[in-house]
Novice: 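Dumping the structure here so I can ask a few things about it.
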2 protein chains.
Amino acid sequence: MKAGTDLAQIGSLVGDPARANMLAALMGGTALTASELALEAGVALPTASAHLAKLSDGGLVSVARQGRHRYYALADHRVAAMLENIMGVAATLGPKRVLPGPRDKAMRDARVCYDHLAGEMGVAMLDSFIGRGLIRVDGERAEMSSAGASYFAGLGIDLDAMGRKRRPVCRTCLDWSVRRSHLAGGLGAAMLECILTRGWARREKDSRVIRFTPMGRREFEMMLRG
Amino acid sequence: MKAGTDLAQIGSLVGDPARANMLAALMGGTALTASELALEAGVALPTASAHLAKLSDGGLVSVARQGRHRYYALADHRVAAMLENIMGVAATLGPKRVLPGPRDKAMRDARVCYDHLAGEMGVAMLDSFIGRGLIRVDGERAEMSSAGASYFAGLGIDLDAMGRKRRPVCRTCLDWSVRRSHLAGGLGAAMLECILTRGWARREKDSRVIRFTPMGRREFEMMLRG
DNA sequence: AAGATAGTTTGCTTATGATCGAAGTATGAA
DNA sequence: TTCATACTTCGATCATAAGCAAACTATCTT
(Lines give C-alpha, C1' and ligand atoms only; values in the text may rest on other atoms or scores of the structure.)
Protein backbone atom coordinates (compact mmCIF):
# COMPACT_ATOMS: atom_id res chain seq x y z
CA MET A 1 0.00 0.00 0.00
CA LYS A 2 2.54 2.48 1.20
CA ALA A 3 5.28 1.02 -0.94
CA GLY A 4 3.10 1.43 -3.99
CA THR A 5 2.71 5.14 -3.38
CA ASP A 6 6.44 5.72 -3.67
CA LEU A 7 6.59 3.67 -6.82
CA ALA A 8 3.67 5.49 -8.37
CA GLN A 9 5.08 8.89 -7.59
CA ILE A 10 8.30 8.28 -9.46
CA GLY A 11 6.60 6.23 -12.11
CA SER A 12 4.17 8.97 -12.99
CA LEU A 13 6.98 11.48 -13.22
CA VAL A 14 8.79 9.26 -15.69
CA GLY A 15 5.58 8.13 -17.32
CA ASP A 16 4.72 11.26 -19.23
CA PRO A 17 6.18 11.33 -22.75
CA ALA A 18 7.35 14.91 -22.57
CA ARG A 19 9.06 14.41 -19.23
CA ALA A 20 10.54 11.10 -20.32
CA ASN A 21 12.08 12.78 -23.33
CA MET A 22 13.54 15.46 -21.13
CA LEU A 23 15.03 12.89 -18.79
CA ALA A 24 16.41 10.93 -21.72
CA ALA A 25 18.04 14.10 -23.02
CA LEU A 26 19.53 14.79 -19.61
CA MET A 27 21.03 11.31 -19.58
CA GLY A 28 23.55 12.83 -21.96
CA GLY A 29 25.08 14.41 -18.86
CA THR A 30 25.19 18.01 -19.97
CA ALA A 31 22.91 20.44 -18.19
CA LEU A 32 20.27 21.93 -20.46
CA THR A 33 18.11 25.02 -20.28
CA ALA A 34 14.34 24.96 -20.13
CA SER A 35 14.08 26.10 -23.74
CA GLU A 36 16.40 23.38 -24.98
CA LEU A 37 14.42 20.79 -23.08
CA ALA A 38 11.16 22.13 -24.44
CA LEU A 39 12.54 21.68 -27.94
CA GLU A 40 13.79 18.22 -27.08
CA ALA A 41 10.43 17.17 -25.74
CA GLY A 42 8.48 18.81 -28.53
CA VAL A 43 6.30 20.98 -26.32
CA ALA A 44 5.81 24.70 -25.85
CA LEU A 45 7.79 26.56 -23.26
CA PRO A 46 5.06 26.93 -20.65
CA THR A 47 4.38 23.24 -20.85
CA ALA A 48 8.03 22.42 -20.42
CA SER A 49 8.25 24.77 -17.49
CA ALA A 50 5.41 22.99 -15.74
CA HIS A 51 7.01 19.62 -16.36
CA LEU A 52 10.35 20.78 -15.09
CA ALA A 53 8.75 22.13 -11.96
CA LYS A 54 7.27 18.72 -11.31
CA LEU A 55 10.53 16.92 -11.96
CA SER A 56 12.28 19.34 -9.69
CA ASP A 57 9.72 19.02 -6.91
CA GLY A 58 9.92 15.28 -7.25
CA GLY A 59 13.67 15.47 -6.81
CA LEU A 60 14.61 13.87 -10.10
CA VAL A 61 16.34 16.92 -11.52
CA SER A 62 18.29 19.79 -10.03
CA VAL A 63 18.26 23.39 -11.15
CA ALA A 64 21.07 25.90 -11.31
CA ARG A 65 20.18 29.48 -12.17
CA GLN A 66 22.77 31.32 -14.12
CA GLY A 67 21.65 34.78 -14.99
CA ARG A 68 18.44 34.52 -16.91
CA HIS A 69 19.06 30.89 -17.77
CA ARG A 70 18.05 27.91 -15.78
CA TYR A 71 20.20 24.87 -16.23
CA TYR A 72 18.56 21.57 -15.46
CA ALA A 73 20.42 18.34 -14.82
CA LEU A 74 19.68 14.94 -13.36
CA ALA A 75 19.71 15.22 -9.60
CA ASP A 76 21.90 12.32 -8.92
CA HIS A 77 23.90 9.46 -10.29
CA ARG A 78 21.28 7.22 -8.74
CA VAL A 79 18.57 8.79 -10.80
CA ALA A 80 20.72 8.21 -13.87
CA ALA A 81 21.26 4.60 -12.90
CA MET A 82 17.54 4.15 -12.35
CA LEU A 83 16.73 5.52 -15.78
CA GLU A 84 19.34 3.28 -17.38
CA ASN A 85 17.80 0.37 -15.55
CA ILE A 86 14.31 1.19 -16.79
CA MET A 87 15.59 1.56 -20.33
CA GLY A 88 17.22 -1.82 -20.00
CA VAL A 89 13.95 -3.45 -19.02
CA ALA A 90 12.18 -1.64 -21.83
CA ALA A 91 14.75 -2.95 -24.28
CA THR A 92 14.22 -6.57 -23.33
CA LEU A 93 10.48 -6.32 -22.83
CA GLY A 94 9.65 -3.97 -25.62
CA PRO A 95 7.65 -5.06 -28.63
CA LYS A 96 10.42 -7.26 -29.99
CA ARG A 97 13.27 -5.05 -30.95
CA VAL A 98 13.79 -6.29 -34.46
CA LEU A 99 17.30 -6.00 -35.78
CA PRO A 100 19.16 -3.48 -33.73
CA GLY A 101 19.84 -0.64 -36.13
CA PRO A 102 23.25 0.96 -36.58
CA ARG A 103 22.34 3.67 -34.12
CA ASP A 104 21.55 1.12 -31.47
CA LYS A 105 24.75 -0.66 -32.27
CA ALA A 106 26.77 2.49 -31.68
CA MET A 107 24.87 3.05 -28.43
CA ARG A 108 25.72 -0.43 -27.29
CA ASP A 109 29.34 0.08 -28.17
CA ALA A 110 30.03 3.36 -26.39
CA ARG A 111 27.78 6.02 -24.98
CA VAL A 112 27.55 8.59 -22.24
CA CYS A 113 25.72 7.53 -19.11
CA TYR A 114 25.17 10.71 -17.12
CA ASP A 115 28.81 11.75 -17.22
CA HIS A 116 30.83 8.60 -17.67
CA LEU A 117 31.52 5.99 -20.33
CA ALA A 118 28.98 3.19 -20.79
CA GLY A 119 28.44 0.42 -23.30
CA GLU A 120 30.76 -2.41 -24.17
CA MET A 121 33.81 -0.22 -24.06
CA GLY A 122 32.87 1.09 -20.62
CA VAL A 123 32.39 -2.43 -19.36
CA ALA A 124 35.69 -3.51 -20.89
CA MET A 125 37.42 -0.63 -19.18
CA LEU A 126 36.16 -1.56 -15.74
CA ASP A 127 36.97 -5.21 -16.38
CA SER A 128 40.52 -4.26 -17.19
CA PHE A 129 40.89 -2.11 -14.07
CA ILE A 130 39.57 -4.90 -11.90
CA GLY A 131 41.71 -7.52 -13.59
CA ARG A 132 44.85 -5.47 -13.07
CA GLY A 133 44.05 -4.89 -9.41
CA LEU A 134 43.56 -1.15 -9.79
CA ILE A 135 40.01 -1.22 -8.46
CA ARG A 136 38.09 -3.51 -6.18
CA VAL A 137 34.36 -3.80 -6.55
CA ASP A 138 31.72 -4.66 -4.00
CA GLY A 139 28.20 -4.22 -5.22
CA GLU A 140 27.59 -0.65 -6.26
CA ARG A 141 30.46 0.51 -4.13
CA ALA A 142 34.01 0.28 -5.34
CA GLU A 143 37.42 1.44 -4.20
CA MET A 144 40.78 2.17 -5.65
CA SER A 145 43.84 0.21 -4.63
CA SER A 146 47.12 1.98 -3.99
CA ALA A 147 48.35 0.64 -7.32
CA GLY A 148 45.25 2.18 -8.86
CA ALA A 149 45.93 5.52 -7.19
CA SER A 150 49.37 5.83 -8.72
CA TYR A 151 48.12 4.58 -12.07
CA PHE A 152 45.30 7.10 -12.36
CA ALA A 153 47.51 9.90 -11.09
CA GLY A 154 49.88 8.94 -13.90
CA LEU A 155 47.08 9.56 -16.39
CA GLY A 156 46.95 13.12 -15.13
CA ILE A 157 43.85 12.76 -12.97
CA ASP A 158 43.81 14.93 -9.87
CA LEU A 159 42.73 12.46 -7.21
CA ASP A 160 43.23 14.88 -4.34
CA ALA A 161 40.75 17.35 -5.75
CA MET A 162 38.35 14.51 -6.44
CA GLY A 163 38.65 13.21 -2.90
CA ARG A 164 37.65 16.57 -1.49
CA LYS A 165 34.32 16.56 -3.31
CA ARG A 166 31.26 15.05 -1.76
CA ARG A 167 30.81 12.74 -4.70
CA PRO A 168 32.19 9.22 -4.34
CA VAL A 169 35.28 8.60 -6.40
CA CYS A 170 34.54 5.03 -7.41
CA ARG A 171 31.12 3.74 -8.19
CA THR A 172 29.73 1.10 -10.48
CA CYS A 173 26.67 1.40 -12.64
CA LEU A 174 24.73 -1.39 -14.28
CA ASP A 175 24.91 -1.26 -18.03
CA TRP A 176 21.57 -1.96 -19.69
CA SER A 177 22.98 -3.12 -23.00
CA VAL A 178 25.50 -5.55 -21.58
CA ARG A 179 23.90 -6.24 -18.18
CA ARG A 180 27.24 -5.86 -16.49
CA SER A 181 28.88 -3.06 -14.56
CA HIS A 182 30.85 -0.13 -15.82
CA LEU A 183 32.77 2.53 -13.93
CA ALA A 184 30.88 5.54 -12.62
CA GLY A 185 31.60 8.09 -9.88
CA GLY A 186 34.16 10.87 -10.02
CA LEU A 187 36.77 8.58 -11.49
CA GLY A 188 34.41 7.42 -14.20
CA ALA A 189 33.72 11.02 -15.14
CA ALA A 190 37.42 11.80 -15.16
CA MET A 191 38.18 8.83 -17.39
CA LEU A 192 35.60 9.94 -19.92
CA GLU A 193 37.03 13.44 -19.87
CA CYS A 194 40.46 11.97 -20.38
CA ILE A 195 39.29 10.00 -23.40
CA LEU A 196 37.66 13.04 -24.96
CA THR A 197 40.49 15.51 -24.32
CA ARG A 198 43.02 13.13 -25.81
CA GLY A 199 40.96 13.06 -28.96
CA TRP A 200 40.41 9.32 -28.81
CA ALA A 201 36.71 9.87 -29.29
CA ARG A 202 34.14 12.61 -29.64
CA ARG A 203 30.51 12.97 -28.69
CA GLU A 204 27.97 12.68 -31.46
CA LYS A 205 25.74 15.73 -31.85
CA ASP A 206 22.40 15.51 -30.02
CA SER A 207 22.85 11.96 -28.88
CA ARG A 208 24.53 9.96 -26.18
CA VAL A 209 26.68 8.09 -28.68
CA ILE A 210 30.45 8.33 -28.36
CA ARG A 211 32.40 7.71 -31.55
CA PHE A 212 35.94 6.48 -31.18
CA THR A 213 38.34 7.27 -33.97
CA PRO A 214 40.15 4.19 -35.30
CA MET A 215 43.35 5.42 -33.78
CA GLY A 216 41.64 6.39 -30.54
CA ARG A 217 40.26 2.92 -30.24
CA ARG A 218 43.70 1.42 -30.64
CA GLU A 219 45.12 3.71 -28.00
CA PHE A 220 42.23 2.93 -25.69
CA GLU A 221 42.77 -0.78 -26.06
CA MET A 222 46.47 -0.36 -25.45
CA MET A 223 45.64 1.45 -22.24
CA LEU A 224 43.40 -1.43 -21.17
CA ARG A 225 46.16 -3.93 -21.73
CA GLY A 226 48.38 -1.85 -19.47
CA MET B 1 12.97 11.22 -28.55
CA LYS B 2 12.88 7.52 -29.19
CA ALA B 3 14.59 6.71 -25.92
CA GLY B 4 12.01 8.74 -24.07
CA THR B 5 9.17 6.69 -25.52
CA ASP B 6 10.49 3.53 -23.95
CA LEU B 7 10.94 5.25 -20.65
CA ALA B 8 7.48 6.74 -20.74
CA GLN B 9 5.83 3.45 -21.57
CA ILE B 10 7.21 1.69 -18.52
CA GLY B 11 6.92 4.76 -16.37
CA SER B 12 3.24 5.20 -17.07
CA LEU B 13 2.61 1.55 -16.26
CA VAL B 14 4.30 1.96 -12.90
CA GLY B 15 2.94 5.46 -12.44
CA ASP B 16 -0.67 4.61 -11.67
CA PRO B 17 -1.30 4.15 -7.94
CA ALA B 18 -3.44 1.06 -8.37
CA ARG B 19 -0.92 -0.62 -10.62
CA ALA B 20 1.97 0.43 -8.42
CA ASN B 21 0.30 -1.17 -5.43
CA MET B 22 -0.20 -4.35 -7.38
CA LEU B 23 3.42 -4.43 -8.41
CA ALA B 24 4.52 -3.73 -4.86
CA ALA B 25 2.39 -6.63 -3.67
CA LEU B 26 3.90 -8.89 -6.31
CA MET B 27 7.37 -7.97 -5.08
CA GLY B 28 6.56 -10.37 -2.28
CA GLY B 29 7.28 -13.09 -4.80
CA THR B 30 4.11 -15.13 -4.45
CA ALA B 31 1.77 -15.16 -7.40
CA LEU B 32 -1.58 -13.56 -6.65
CA THR B 33 -5.01 -13.77 -8.23
CA ALA B 34 -6.81 -10.86 -9.79
CA SER B 35 -9.18 -10.60 -6.83
CA GLU B 36 -6.38 -10.52 -4.33
CA LEU B 37 -4.65 -7.83 -6.32
CA ALA B 38 -7.84 -5.82 -6.59
CA LEU B 39 -8.11 -5.91 -2.81
CA GLU B 40 -4.47 -4.99 -2.43
CA ALA B 41 -4.84 -2.03 -4.75
CA GLY B 42 -8.15 -0.92 -3.29
CA VAL B 43 -10.10 -0.99 -6.54
CA ALA B 44 -13.06 -2.96 -7.85
CA LEU B 45 -12.53 -6.15 -9.77
CA PRO B 46 -13.20 -4.80 -13.25
CA THR B 47 -10.77 -1.98 -12.66
CA ALA B 48 -8.13 -4.39 -11.48
CA SER B 49 -8.74 -6.57 -14.47
CA ALA B 50 -8.12 -3.67 -16.81
CA HIS B 51 -4.94 -2.73 -15.00
CA LEU B 52 -3.65 -6.27 -15.07
CA ALA B 53 -4.32 -6.48 -18.78
CA LYS B 54 -2.16 -3.40 -19.27
CA LEU B 55 0.62 -4.71 -17.09
CA SER B 56 0.49 -7.97 -18.93
CA ASP B 57 0.49 -6.34 -22.36
CA GLY B 58 3.38 -4.20 -21.26
CA GLY B 59 5.29 -7.30 -20.26
CA LEU B 60 5.76 -6.41 -16.62
CA VAL B 61 3.71 -9.30 -15.27
CA SER B 62 3.05 -12.83 -16.40
CA VAL B 63 -0.20 -14.75 -16.10
CA ALA B 64 -0.80 -18.41 -15.37
CA ARG B 65 -4.35 -19.69 -15.62
CA GLN B 66 -5.24 -22.39 -13.22
CA GLY B 67 -8.83 -23.43 -13.53
CA ARG B 68 -10.96 -20.39 -12.98
CA HIS B 69 -8.13 -18.56 -11.26
CA ARG B 70 -5.54 -16.38 -12.87
CA TYR B 71 -2.28 -16.10 -11.05
CA TYR B 72 -0.27 -13.01 -11.74
CA ALA B 73 3.43 -12.66 -11.00
CA LEU B 74 6.25 -10.34 -11.94
CA ALA B 75 7.47 -11.28 -15.39
CA ASP B 76 11.08 -11.41 -14.61
CA HIS B 77 13.77 -10.96 -12.03
CA ARG B 78 14.79 -7.90 -14.00
CA VAL B 79 11.43 -6.32 -13.49
CA ALA B 80 11.78 -7.04 -9.78
CA ALA B 81 15.23 -5.49 -9.75
CA MET B 82 13.92 -2.45 -11.57
CA LEU B 83 11.14 -1.95 -9.05
CA GLU B 84 13.59 -2.32 -6.17
CA ASN B 85 15.75 0.25 -7.84
CA ILE B 86 12.91 2.71 -8.20
CA MET B 87 11.91 2.20 -4.59
CA GLY B 88 15.48 2.89 -3.60
CA VAL B 89 15.47 6.20 -5.41
CA ALA B 90 12.11 7.05 -3.90
CA ALA B 91 13.45 6.32 -0.45
CA THR B 92 16.36 8.70 -0.78
CA LEU B 93 14.49 11.37 -2.72
CA GLY B 94 11.20 11.20 -0.96
CA PRO B 95 9.95 13.92 1.34
CA LYS B 96 12.66 13.25 3.90
CA ARG B 97 11.79 10.00 5.50
CA VAL B 98 11.72 11.09 9.09
CA LEU B 99 12.79 8.45 11.57
CA PRO B 100 12.59 5.09 9.94
CA GLY B 101 9.80 3.32 11.79
CA PRO B 102 10.14 -0.18 13.18
CA ARG B 103 8.55 -1.60 10.08
CA ASP B 104 11.12 0.03 7.86
CA LYS B 105 13.85 -1.22 10.12
CA ALA B 106 12.65 -4.79 9.75
CA MET B 107 12.48 -4.29 5.97
CA ARG B 108 16.04 -3.09 5.92
CA ASP B 109 17.12 -6.03 7.99
CA ALA B 110 15.57 -8.87 6.02
CA ARG B 111 12.88 -8.99 3.39
CA VAL B 112 11.78 -10.90 0.34
CA CYS B 113 12.86 -9.46 -2.99
CA TYR B 114 10.87 -11.33 -5.63
CA ASP B 115 11.82 -14.76 -4.34
CA HIS B 116 15.12 -14.37 -2.57
CA LEU B 117 16.51 -12.80 0.59
CA ALA B 118 17.26 -9.09 0.58
CA GLY B 119 18.22 -6.52 3.17
CA GLU B 120 21.27 -6.45 5.37
CA MET B 121 21.12 -10.16 6.00
CA GLY B 122 20.92 -10.90 2.30
CA VAL B 123 23.91 -8.69 1.63
CA ALA B 124 25.84 -10.30 4.48
CA MET B 125 25.07 -13.70 3.03
CA LEU B 126 26.46 -12.87 -0.38
CA ASP B 127 29.48 -11.20 1.20
CA SER B 128 30.20 -14.36 3.07
CA PHE B 129 29.87 -16.55 0.00
CA ILE B 130 32.22 -14.30 -1.95
CA GLY B 131 34.71 -14.06 0.90
CA ARG B 132 34.87 -17.82 1.21
CA GLY B 133 35.38 -18.27 -2.51
CA LEU B 134 32.07 -20.04 -3.08
CA ILE B 135 30.82 -17.50 -5.61
CA ARG B 136 32.51 -15.09 -7.97
CA VAL B 137 30.71 -11.94 -9.00
CA ASP B 138 31.00 -9.89 -12.15
CA GLY B 139 28.44 -7.16 -12.47
CA GLU B 140 24.97 -8.58 -12.42
CA ARG B 141 26.29 -11.93 -13.49
CA ALA B 142 27.80 -14.35 -11.01
CA GLU B 143 29.03 -17.91 -10.96
CA MET B 144 29.60 -20.67 -8.51
CA SER B 145 33.07 -22.11 -7.91
CA SER B 146 33.56 -25.84 -7.56
CA ALA B 147 34.00 -25.32 -3.83
CA GLY B 148 30.67 -23.53 -3.90
CA ALA B 149 29.02 -26.37 -5.79
CA SER B 150 29.93 -28.93 -3.16
CA TYR B 151 29.03 -26.55 -0.34
CA PHE B 152 25.54 -25.79 -1.64
CA ALA B 153 24.94 -29.43 -2.49
CA GLY B 154 25.82 -30.14 1.13
CA LEU B 155 23.01 -27.83 2.21
CA GLY B 156 20.63 -30.10 0.35
CA ILE B 157 20.17 -27.90 -2.69
CA ASP B 158 19.59 -29.78 -5.94
CA LEU B 159 21.97 -28.01 -8.29
CA ASP B 160 21.42 -30.41 -11.16
CA ALA B 161 17.72 -29.67 -11.31
CA MET B 162 18.47 -25.99 -11.03
CA GLY B 163 20.97 -26.15 -13.88
CA ARG B 164 18.37 -27.64 -16.18
CA LYS B 165 16.03 -24.69 -15.79
CA ARG B 166 16.28 -21.72 -18.06
CA ARG B 167 16.72 -19.43 -15.13
CA PRO B 168 20.30 -18.44 -14.26
CA VAL B 169 21.58 -20.07 -11.10
CA CYS B 170 23.60 -17.17 -9.79
CA ARG B 171 22.62 -13.59 -10.16
CA THR B 172 23.11 -10.48 -8.09
CA CYS B 173 20.52 -7.86 -7.35
CA LEU B 174 21.13 -4.36 -6.06
CA ASP B 175 19.72 -3.83 -2.60
CA TRP B 176 17.98 -0.48 -2.25
CA SER B 177 18.33 -0.22 1.50
CA VAL B 178 22.03 -1.03 1.64
CA ARG B 179 23.05 -0.07 -1.91
CA ARG B 180 25.07 -3.23 -2.25
CA SER B 181 24.42 -6.54 -3.92
CA HIS B 182 22.64 -9.57 -2.59
CA LEU B 183 22.23 -13.01 -4.08
CA ALA B 184 19.42 -13.62 -6.58
CA GLY B 185 18.82 -16.23 -9.26
CA GLY B 186 17.89 -19.83 -8.69
CA LEU B 187 20.42 -20.21 -5.93
CA GLY B 188 19.13 -17.14 -4.16
CA ALA B 189 15.64 -18.56 -4.23
CA ALA B 190 16.87 -21.90 -2.97
CA MET B 191 18.74 -20.29 -0.09
CA LEU B 192 15.64 -18.43 1.02
CA GLU B 193 13.63 -21.61 0.86
CA CYS B 194 16.31 -23.32 2.87
CA ILE B 195 16.14 -20.63 5.56
CA LEU B 196 12.36 -20.86 5.78
CA THR B 197 12.08 -24.65 5.79
CA ARG B 198 14.65 -24.92 8.55
CA GLY B 199 12.52 -22.63 10.63
CA TRP B 200 15.22 -20.03 11.01
CA ALA B 201 12.75 -17.38 9.94
CA ARG B 202 9.20 -16.93 8.77
CA ARG B 203 7.47 -14.50 6.46
CA GLU B 204 5.37 -11.81 8.07
CA LYS B 205 1.74 -11.80 7.01
CA ASP B 206 0.90 -9.46 4.13
CA SER B 207 4.32 -7.93 3.93
CA ARG B 208 7.74 -8.56 2.50
CA VAL B 209 9.34 -8.64 5.93
CA ILE B 210 11.17 -11.77 7.02
CA ARG B 211 11.43 -12.29 10.76
CA PHE B 212 14.31 -14.35 12.01
CA THR B 213 13.85 -16.14 15.30
CA PRO B 214 16.66 -15.44 17.76
CA MET B 215 17.88 -18.98 17.37
CA GLY B 216 17.48 -18.86 13.60
CA ARG B 217 19.61 -15.77 13.45
CA ARG B 218 22.36 -17.50 15.41
CA GLU B 219 22.25 -20.50 13.11
CA PHE B 220 22.28 -18.25 10.08
CA GLU B 221 25.33 -16.38 11.34
CA MET B 222 27.07 -19.63 12.09
CA MET B 223 26.43 -20.70 8.52
CA LEU B 224 27.96 -17.47 7.25
CA ARG B 225 31.09 -18.03 9.27
CA GLY B 226 31.39 -21.46 7.72
C1' DA C 1 -28.69 -29.60 -14.88
C1' DA C 2 -28.55 -25.33 -11.54
C1' DG C 3 -25.77 -22.52 -8.86
C1' DA C 4 -21.66 -20.38 -7.44
C1' DT C 5 -17.20 -18.41 -8.09
C1' DA C 6 -13.53 -15.99 -10.91
C1' DG C 7 -12.71 -13.05 -14.28
C1' DT C 8 -13.49 -10.20 -18.59
C1' DT C 9 -16.05 -6.97 -21.50
C1' DT C 10 -19.06 -3.13 -22.35
C1' DG C 11 -20.75 1.35 -21.68
C1' DC C 12 -20.91 5.26 -19.24
C1' DT C 13 -19.27 9.06 -15.95
C1' DT C 14 -15.86 11.68 -14.07
C1' DA C 15 -11.54 13.73 -12.92
C1' DT C 16 -7.01 14.49 -13.62
C1' DG C 17 -3.52 16.60 -15.94
C1' DA C 18 -1.30 17.91 -20.42
C1' DT C 19 -1.51 21.55 -23.44
C1' DC C 20 -0.94 26.35 -25.08
C1' DG C 21 -1.92 31.55 -25.53
C1' DA C 22 -1.52 35.59 -23.03
C1' DA C 23 0.14 38.15 -19.44
C1' DG C 24 3.62 38.72 -15.78
C1' DT C 25 8.55 38.66 -13.67
C1' DA C 26 13.42 38.81 -13.77
C1' DT C 27 17.83 39.40 -15.93
C1' DG C 28 20.90 41.10 -19.45
C1' DA C 29 21.95 44.29 -23.44
C1' DA C 30 21.79 48.81 -25.87
C1' DT D 1 15.62 53.88 -19.74
C1' DT D 2 14.07 50.87 -23.12
C1' DC D 3 14.04 46.70 -25.40
C1' DA D 4 14.93 41.79 -25.68
C1' DT D 5 15.50 37.31 -23.81
C1' DA D 6 14.44 33.50 -20.61
C1' DC D 7 11.30 31.72 -17.98
C1' DT D 8 7.06 31.38 -14.94
C1' DT D 9 2.19 31.93 -13.77
C1' DC D 10 -2.61 32.19 -15.05
C1' DG D 11 -6.65 30.76 -17.36
C1' DA D 12 -9.13 28.02 -20.30
C1' DT D 13 -9.58 23.89 -23.22
C1' DC D 14 -9.43 19.29 -24.21
C1' DA D 15 -8.14 14.36 -24.19
C1' DT D 16 -7.05 10.45 -21.89
C1' DA D 17 -7.74 7.04 -18.81
C1' DA D 18 -9.34 5.58 -14.20
C1' DG D 19 -13.33 4.22 -12.09
C1' DC D 20 -17.60 1.25 -11.45
C1' DA D 21 -22.16 -1.18 -12.43
C1' DA D 22 -24.19 -4.42 -15.16
C1' DA D 23 -23.97 -7.99 -18.35
C1' DC D 24 -21.30 -11.80 -20.26
C1' DT D 25 -17.95 -16.05 -20.31
C1' DA D 26 -15.69 -19.76 -18.31
C1' DT D 27 -14.74 -23.07 -14.78
C1' DC D 28 -15.78 -25.61 -10.64
C1' DT D 29 -19.40 -27.57 -7.27
C1' DT D 30 -23.43 -30.15 -6.11
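Numbers restart at 1 for each chain; the letters A, B, ... are given by sequence-line order, proteins then strands.
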Novice: For Ser207(B), is there any backbone N or O sitting under 3.5 Å from a side-chain donor or acceptor partner on Arg203(B)?
Specialist: yes
Novice: Within the side chain of Asp175(B), is there an N or O that forms a donor-acceptor pair under 3.5 Å with the backbone of Arg180(B)?
Specialist: no
Novice: Name every residue in residues 45-55 of chain A that has at least one heavy atom under 4.0 Å from any atom of DNA chain D, in order of residue number, or write none if there are no such residues.
Specialist: Leu45(A), Pro46(A), Ser49(A)
Novice: Rounded to whole angstrom units, what separation is found between the CG atom of Leu32(A) and the C1' atom of dA6(D)?
Specialist: 15 Å
Novice: Looking at Val61(A), Leu13(A), Leu37(A), which one forms a side chain to side chain contact (heavy atoms under 4.5 Å, CB included) with Leu23(A)?
Specialist: Val61(A)
Novice: Given atom CG of Leu13(B) and atom P of dT16(D), what is their separation to the nearest angstrom?
Specialist: 17 Å
Novice: Look only at the side chain of Asn85(B) and the backbone of Ala81(B), and say whether a donor-acceptor pair between them is shorter than 3.5 Å.
Specialist: no
Novice: Measure from CG on Leu39(A) to P on dT5(D) and round the result to the nearest Å.
Specialist: 17 Å
Novice: Figure out the NE2/C1' separation between His69(A) and dG28(C), and round it to whole Å.
Specialist: 9 Å
Novice: In whole Å, what is the span from the OH atom of Tyr71(B) to the C1' atom of dT5(C)?
Specialist: 13 Å
Novice: Please check if the side chain of Arg211(A) supplies one atom and the backbone of Ala106(A) the other of a donor-acceptor pair under 3.5 Å.
Specialist: no
Novice: Take Arg68(B) and Arg65(A), find for each the nucleotide of DNA chain C with the closest heavy atom, and name the residue whose nucleotide sits nearer the 5' end.
Specialist: Arg68(B)
Novice: Is any side-chain nitrogen or oxygen of Arg70(B) closer than 4.0 Å to OP1 or OP2 of dT8(C)?
Specialist: yes
Novice: Could you give the CG-to-P distance, from Leu37(B) to dG7(C), as a whole number of Å?
Specialist: 9 Å
Novice: List in chain and number order the residues that pass side chain to side chain contact (heavy atoms under 4.5 Å, CB included) with Ser35(A), two or more places apart in sequence or in another chain; answer none if no residue qualifies.
Specialist: Thr33(A), Leu45(A)
Novice: For Glu84(A), give me all partners under side chain to side chain contact (heavy atoms under 4.5 Å, CB included), at least two apart in sequence or on another chain.
Specialist: Met27(A), Arg111(A), Cys113(A), Trp176(A), Arg208(A)
Novice: Given that Ala44(A) and Gln66(A) both sit by DNA chain C, which one's nearest nucleotide is further toward the 5' end?
Specialist: Ala44(A)
Novice: Expressed in angstrom and rounded to an integer, what is the separation of Met22(B) atom CE from dA18(D) atom P?
Specialist: 11 Å
Novice: Once you round it to whole Å, what is the distance between P of dA6(C) and OH of Tyr72(B)?
Specialist: 14 Å
